[in-house]
Amino acid sequence: MREELVQARLSSDLEKMLGVEPKTMTQAKAFTQAFILNSMKTVTQESLAGRITQKAVILNYSKLRKPKVRRNAKKAKGLNARQKRELKVFQIKPEQQRYELFLPLHNLWKQYIISICNGLKPGSSPQLVQQRLLKADFHGAILTVVQSKCPSYVGTTGILVQEFKHIFKIITKEDRLKVIPKKNSVFAVEINGFVSHIYGSKFQHRASERSAKKFKVKGSIDL
């Protein structure tokens with residue numbers, strides 16, 4: 001609506017019809033102020049005190065912060081290889097070098113291998129079994145040296161008690177601890193009539209590393 005129309009004065013005929021008397025500027029100003037004062041709600045001290053006591057007034061909101069826990073920047077370091085050798089961590093005591101002590105370990109290993117090879121049934125795929133054995137843990141397996149560049153190792157049979165990157169440690173039936181190097185040796189392992197050969201030169205990995213390694217199929221393997 002145009003401003004001049006709002007501020008335009010009513011005609012005399014319209015004033016008589018509506019019963020409106022013309023006001024002066026002073027009267028109009030006084031009327032406007034009185035109308036505004038009557039329209040505004042007055043807040044007394046009593047009513048304000050009642051509102052404060054009867055209602056919860058949130059003055060400020062702050063999110064609770066959990067106390068920060070300081071963590072040690074340096075993690076506890078384990079023993080290094082030299083310290084392990086000095087403490088003889090991996091050394092098997094002479095009184096513990098007995099074949100019969102490790103027979104329960106061998107029985108557990110057989111159960112473990114049968115489970116990861118889906119039961120080792122007569123119809124099992126040799127390739128599948130071989131792939132599972134490549135990544136398996138051999139602690140407790142009965143190994144036999146079938147080929148070696150060192151003739152004195154050939155024919156040695158025993159339970160694998162420790163595997164390192166480059167050697168196998170086995171306990172023979174004569175209760176003797178033998179250290180057999182993986183390099184230039186071929187080992188045979190038998191599980192429920194299934195015989196698998198391990199080429200030590202291609203097997204020079206720790207058990208933990210071998211589980212994540214991808215082995216490539218090669219046409220010929222030399223000692």
ask   = Counting only N and O atoms by type, is there a donor-acceptor contact under 3.5 Å from the side chain of Q111 to the main-chain atoms of L108?
value =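 Absent.
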inquiry  = Can a donor-acceptor pair be found, under 3.5 Å and without considering hydrogens, that links the side chain of H106 to the backbone of A141?
reply    =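 Looks like no, no N/O pair under 3.5 Å.
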If two hydrophobic side chains count as joined below 4.5 Å and joins carry through other members, does [X] share a cluster with [Y]?
X    : Y    : answer
L143 : L133 : yes
V179 : F168 : no
F194 : I116 : yes

Between [X] and [Y], what is the shortest heavy-atom contact and its length?
X    : Y    : value
E163 : K182 : OE2-NZ, 3.0 Å
L105 : L160 : CD2-O, 4.4 Å
F203 : F138 : CZ-CE1, 3.8 Å
I170 : T157 : CD1-C, 4.2 Å
F90  : K84  : CE1-CD, 3.8 Å
S148 : V154 : N-CG2, 3.9 Å

Between [atom1] of [X] and [atom2] of [Y], what distance do you get to the nearest 0.5 Å?
X    : Y    : atom1 : atom2 : result
E190 : H197 : CD    : NE2   : 11.5 Å
I198 : L134 : CD1   : CG    : 8.5 Å
Q162 : I167 : CD    : CD1   : 8.0 Å
S152 : I180 : OG    : CD1   : 7.5 Å
H166 : S201 : NE2   : OG    : 11.5 Å
L103 : K173 : CG    : NZ    : 9.0 Å

Are [X] and [Y] packed together at the side-chain level, in the sense that at least one heavy-atom pair is separated by less than 4.5 angstrom?
X    : Y    : value
L177 : K169 : yes
F187 : T144 : no
L87  : L79  : yes
P181 : Y153 : yes
K110 : I113 : no
W109 : V189 : yes
H205 : K165 : no

If you look only at distance, which donor and acceptor atoms sit under 3.5 Å apart when one is on a side chain in residues 91-102 and the other is two or more places apart or in another chain?
unit_1	atom_1	unit_2	atom_2	d
Q97	NE2	I92	O	2.9
R98	NH2	E100	OE2	2.1

ask   = Under the side-chain contact (heavy atoms from CB on, under 4.5 Å) criterion, do I171 and R176 qualify, and how do the steps go?
value = CA-CA 6 Å; I171 293 287; R176 297 182 62 185; over 6 Å; no
